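Working notes, structure below.
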Amino acid sequence: MIKVVRDAEPRVLRRNSTRWRDKLLRLRADPHATKKQIKAAESKYNHHEIKAQLKTMFADKCAYCEHKACVGHYGEIEHFRPKAVYPEYTFTWSNLLFSCAICNNASHKADHFPLDAAGNPLLIDPSAPTDDPSDHLEFRYDPVTRYALVYGIDDRGKSVEDVFDLNGRRGRKELLRHRSQYINQLRALIKVARTGDTDALTLVHEACMPHAEYAAFARALCQIYGIAQ
Ligand SMILES: [Zn+2]
């Protein structure tokens with residue numbers, strides 16, 4: 001997870017979000033409204049203009065696990081504050097992220113939204129001006145297992161590690177294996193770059209760019225090996 005700068009609100013939301021929200025809240029409060037009516041009003045958020053802007057903003061990567069969400073899947077609009085719990089934020093631009101289908105499924109985020117004792121979110125919104133994922137997560141390479149592991153260093157980081165099962169403890173081994181395979185290749189590349197190979201160094205720098213998969217881990221590796229970014 002890396003910090004992401006939020007783009008301007010898409011035109012379709014600027015024009016419609018208040019009207020869409022008011023209609024949704026009105027229907028949810030109406031005992032005669034059908035589930036189909038509520039679902040239709042709620043689904044307005046899933047607009048191609050909104051999704052396209054989120055995809056660009058997150059460089060096609062999942063906001064939470066940094067996997068390329070569009071490889072083998074379309075990726076999803078994700079509500080940081082779940083729309084089932086906070087319907088008033090269903091169309092709020094600052095509440096919308098881009099995620100892979102697995103981070104957003106019922107075994108992981110979905111409607112889970114843990115809060116601390118003061119009622120503040122324990123999960124991290126990488127696009128929030130006040131949140132920086134690097135304050136809460138650390139990235140460790142285990143030379144014995146050759147796994148690239150992501151650990152929470154405080155309650156918020158630990159919530160992220162657990163909810164998204166970043167180290168495969170609850171069964172999400174495919175993410176751990178995919179990230180570890182990539183990081184093992186990057187480690188080999190860093191060793192070549194340190195010999196003075198400029199092509200290798202360019203590739204290492206590219207691996208740290210915001211659009212690169214697992215950029216947070218790549219940046220941490222560069223720090224460990226003393227490679228300026
Ligand atoms: Zn994900």
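Ligands are counted one by one from 1 in listed order, and the atoms in each one are counted from 1 as well. For reference, positions follow the sequence shown, starting with 1. Not measured: the values here are computed from a predicted model.
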Tell me whether the centres of the aromatic rings in Phe164 and Tyr64 are closer together than 6.0 Å.
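They qualify: ring centres under 6.0 Å apart.
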Give the ring-plane orientation class for Tyr214 versus His67, where under 30° counts as parallel, over 60° as perpendicular and anything between as tilted.
parallel
On the six-membered ring of Phe217, is Arg179 placed so that its NZ or CZ lies under 6.0 angstrom from the centre and within 45° of the ring axis?
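Cation-pi check for Arg179 and Phe217: fails.
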Centre of Tyr86's six-membered ring, under 6.0 Å away, within 45 degrees of the axis: is that where NZ or CZ of Arg81 sits?
yes
Heavy-atom count check: over 12 atoms from other residues, nucleotides or ligands less than 6.0 Å from Lys83 NZ?
yes
Near the Zn ion (ligand 1) (under 2.8 Å) - protein N, O or S atoms
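For the Zn ion (ligand 1), the protein N, O and S atoms that sit under 2.8 Å away are Cys62 SG, Cys65 SG, Cys100 SG, Cys103 SG.
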Would Phe80 and Tyr89 satisfy ring pair (Phe, Tyr, Trp, His ring centres under 6.0 Å), going step by step from the backbone distance to the final call?
CA-CA 9 Å; Phe80 183 64; Tyr89 296 128; over 10 Å; no
